[in-house]
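All remarks here apply to the structure that follows.
All of these numbers come straight from a predicted model, not from anything done at the bench. Every chain is numbered from 1 and lettered A, B, ... according to where its sequence line falls, protein lines coming before strand lines.
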Protein chains: 2
Amino acid sequence: MTKVRPGQSPAERPKAAVMEDVAELAGVSAMTVSRVLNAPEKVRPETRARVLAAVRELDYRPNSAARVLVTGRSGVLGVVCFDTTLYGPASTLFGIEQAARNSDYLISIASLPTLNRDWISRGIDRLRSQSVDGVIVVAPHESAAEGLRDLPAGLPVVAVGGGEDLAVPVAAVDQHAGAARATRHLLSLGHSTVWHVSGPPNWIDASGRVAGWRSALEAEGRQVPEPLVGDWTAHSGYEIGKRLARDPEVTAVFVANDHMAMGVLRALREAGRRVPEDVSVVGFDDVPEAAYFWPPLTTVRQNFGEVGRQAFRLLLDRMAGVEDEARRMVEPELVVRESTGVRP
Amino acid sequence: MTKVRPGQSPAERPKAAVMEDVAELAGVSAMTVSRVLNAPEKVRPETRARVLAAVRELDYRPNSAARVLVTGRSGVLGVVCFDTTLYGPASTLFGIEQAARNSDYLISIASLPTLNRDWISRGIDRLRSQSVDGVIVVAPHESAAEGLRDLPAGLPVVAVGGGEDLAVPVAAVDQHAGAARATRHLLSLGHSTVWHVSGPPNWIDASGRVAGWRSALEAEGRQVPEPLVGDWTAHSGYEIGKRLARDPEVTAVFVANDHMAMGVLRALREAGRRVPEDVSVVGFDDVPEAAYFWPPLTTVRQNFGEVGRQAFRLLLDRMAGVEDEARRMVEPELVVRESTGVRP
DNA sequence: CCACAAGATGGTATCGCTAACAGCTCACTC
DNA sequence: GAGTGAGCTGTTAGCGATACCATCTTGTGG
């Protein structure tokens with residue numbers, strides 16, 4: 001490989017080899033080179049070997065722009081996403097990446113500064129202009145529904161973690177089931193009802209968890225307290241936790257994610273309420289460090305890797321022309337640790 | 001926008017408009033349309049308006065593959081990265097995304113299953129074949145140095161968080177300074193020396209923190225205990241913490257990241273050693289929830305957003321042909337909370 | 001009122017690749 | 001031994017944009 005140093009004249013810089021160069025060196029036509037790369041079985045083994053030798057010799061890489069121009073397919077998938085520092089989105093993205101890599105797709109990312117209809121459309125447009133073969137929208141927010149209403153024709157799109165009303169296939173963790181499971185776990189420990197610290201309204205996951213919690217309570221005819229609304233941060237959990245700690249009625253809390261749960265735990269402890277002796281707490285996500293919270297957090301594990309894989313699958317189907325209105329739900333799993341105990 | 005339904009024949013699907021269509025509708029040549037899009041000031045305002053109207057009418061998007069083919073520039077930057085669920089890499093990626101979006105670049109991601117020389121080269125190759133304009137390698141690992149040794153000529157590459165010996169420009173947080181600061185903070189509280197829980201060997205950040213810690217101790221002539229090696233997880237911090245808790249000599253611990261610090265805190269507490277009364281603990285990263293650890297964690301904040309921005313800048317320079325061997329260091333900041341106190 | 005420059009627009013070639021078809025070689029059949 | 005077809009390779013024609021240069025306006029000074 002040749003390094004270009006500042007002093008070197010442009011003429012000396014070897015221009016990257018193109019297919020024609022390979023063809024010449026191998027003594028064949030460009031078409032044959034193309035075939036060796038795309039349908040090797042159609043070329044006689046000896047010819048193929050000569051071509052491959054030439055490819056290596058010249059360190060040839062096909063120019064994907066040229067290929068895209070003629071085939072219309074790029075081998076790149078677009079992902080539209082919001083804050084990738086949040087645990088959920090980051091993990092989902094990671095799952096998608098892995099699935100894509102295994103199938104030799106590359107991922108292009110359009111990350112949004114704000115989560116709303118307009119930016120989602122814009123993100124999709126930017127990806128589309130890059131000729132991505134398909135788009136996965138990771139936007140677990142109400143606005144996604146609108147942003148996904150008028151899609152460019154012919155562009156396969158799937159969503160991750162979207163609501164029921166999306167016009168596109170969806171892969172998601174079953175938030176309702178997870179929340180219900182967490183709630184039933186607390187009820188089964190003898191608590192008469194369960195308080196809820198929710199995520200921000202308009203987030204699909206947040207409302208799904210509220211719904212699951214509510215229906216589990218209603219199914220057993222329990223009183224349903226007003227949910228307390230946080231913003232996913234430990235800080236908001238802490239502030240809400242302080243309020244909960246003041247109310248002696250509160251013996252069981254289902255918190256919509258682990259980081260807020262961490263804030264709640266801290267507030268309870270500061271108020272002198274012991275967990276789980278006085279109050280039981282369940283989180284959601286199972287972040288890797290949840291087992292090292294104080295006390296170790298009972299929580300609901302989401303398999304983000306699986307969700308990413310399912311989304312990728314769905315997109316592949318769509319790209320292949322399969323038009324099923326699929327909704328792939330991934331089951332979450334309750335992980336019982338030490339932050340939950342029997343009613344005092 | 002037209003939706004294509006299953007029943008529709010291919011003939012009915014409107015093919016996306018191309019430049020020629022716009023030209024025709026506006027009554028100009030394709031060349032003029034191209035100019036309106038790329039150098040509007042060279043076109044008379046009335047003509048420009050006509051063209052833009054036609055663009056809107058046909059919902060025209062330039063085909064980037066065609067443009068790349070002729071210009072050689074794609075408006076896409078490649079990012080090679082490893083585990084994007086870790087807080088550091090995820091935040092760096094986020095910083096790069098933001099910087100890129102502000103300058104209308106799109107990001108393509110090649111994530112690696114394993115961090116070694118071979119995969120790094122492969123990642124760069126895959127991106128290169130997509131005609132990215134430049135590559136940012138987020139691979140704070142020794143192997144990056146080798147992977148970045150033989151780069152394809154003419155492809156601008158910069159690294160984030162690399163070691164001193166990289167052949168490319170680097171943007172990074174000054175790990176050495178951060179670790180030294182944390183260590184001096186502990187010494188200033190009267191501790192006779194400071195133990196260290198490090199990250200995995202071969203990680204640049206890990207060795208930088210070890211070096212900073214060691215040099216701060218040596219500068220004051222203190223005894224330098226053998227560092228204890230973790231793997232960034234809370235679990236490893238917990239296991240190491242149990243060992244530290246047994247040694248009554250240990251009164252101050254500098255832990256190489258916040259998640260391991262969380263494990264250490266837990267182990268100390270379980271062993272009956274109070275923080276900060278008996279043992280002081282400092283972390284590294286300042287993850288958003290660090291203020292809600294028990295006790296709130298004193299730690300070293302890394303400004304990942306700034307690192308991403310610097311890396312992007314550096315890459316832009318390289319792409320413009322500026323060949324300075326720059327190393328942009330971002331200063332970390334010590335955030336003192338309640339996990340550190342005077343020597344017992 | 002003409003020469004001339006500056007500004008606006010158009011024509012043509014080209015980027016690197018592959019689809020579609022054409023042509024050649026050779027083995028095998030009847 | 002010519003016909004047949006299978007298997008391999010080559011030729012041609014774009015894909016959709018921009019670079020480069022030519023051409024046609026328009027404005028300006030003498």
Legend entry - Any donor-acceptor pair under 3.5 Å from D133(B) side chain to G75(B) backbone: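 Yes, D133(B) side chain to G75(B) backbone: donor-acceptor pair under 3.5 Å.
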Legend entry - Contact interval (first through last nucleotide) of DNA chain C with protein chain A, 4.0 Å heavy-atom: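 With heavy atoms of chain A under 4.0 Å away, the range is dG16(C) to dA20(C).
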Legend entry - Terminal contacting nucleotides, 5' and 3', DNA chain D versus chain A (heavy atom, 4.0 Å): dC8(D) to dG16(D)
Inset, instruction - Enumerate the residues from residues 21-36 of chain A whose closest heavy atom to DNA chain D is under 4.0 Å, giving them by residue number; use none for an empty result. - result: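 Residues of residues 21-36 of chain A that come under 4.0 Å of DNA chain D are, in numerical order, V28(A), S29(A), M31(A), T32(A), R35(A).
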Residues in side-chain hydrogen bond (donor to acceptor under 3.5 Å, both in side chains) with [X], at least two apart?
X	result
S143(B)	H141(B)
T71(B)	none
R48(B)	none

Legend entry - Residue-level proximity of residues 66-78 of chain B to DNA chain C when a heavy atom falls under 4.0 Å: L69(B), V70(B)
Inset, instruction - Please list residues of residues 40-55 of chain A whose heavy atoms come under 4.0 Å from any atom in DNA chain C, ordered by number; otherwise none. - result: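 When residues 40-55 of chain A is checked for heavy atoms under 4.0 Å from DNA chain C, there are no hits whatsoever.
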Legend entry - Divergence of helical axes at both termini of the helix from dC1(C)-dG30(D) to dC30(C)-dG1(D) - five pairs an end, 10° steps: 40°
Legend entry - Any pair counted as salt bridge (Lys or Arg N to Asp or Glu O under 4.0 Å), so long as it reaches residues 113-122 of chain A, sequence neighbours left out: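 Applying salt bridge (Lys or Arg N to Asp or Glu O under 4.0 Å) to every pair that reaches into residues 113-122 of chain A, excluding sequence neighbours, yields D118(A)-R122(A).
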Legend entry - Contacts of R318(B) that satisfy salt bridge (charged side-chain N to carboxylate O under 4.0 Å, His left out) - sequence neighbours left out: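 R318(B): salt bridge (charged side-chain N to carboxylate O under 4.0 Å, His left out) contacts with E323(B), E325(B).
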Inset, instruction - Not counting sequence neighbours, which residues clear side chain to side chain contact (heavy atoms under 4.5 Å, CB included) with V157(B)? List them please. - result: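 For V157(B), the residues satisfying side chain to side chain contact (heavy atoms under 4.5 Å, CB included) (neighbours in sequence not counted) are V135(B), V137(B), L148(B), L151(B), L155(B), V168(B).
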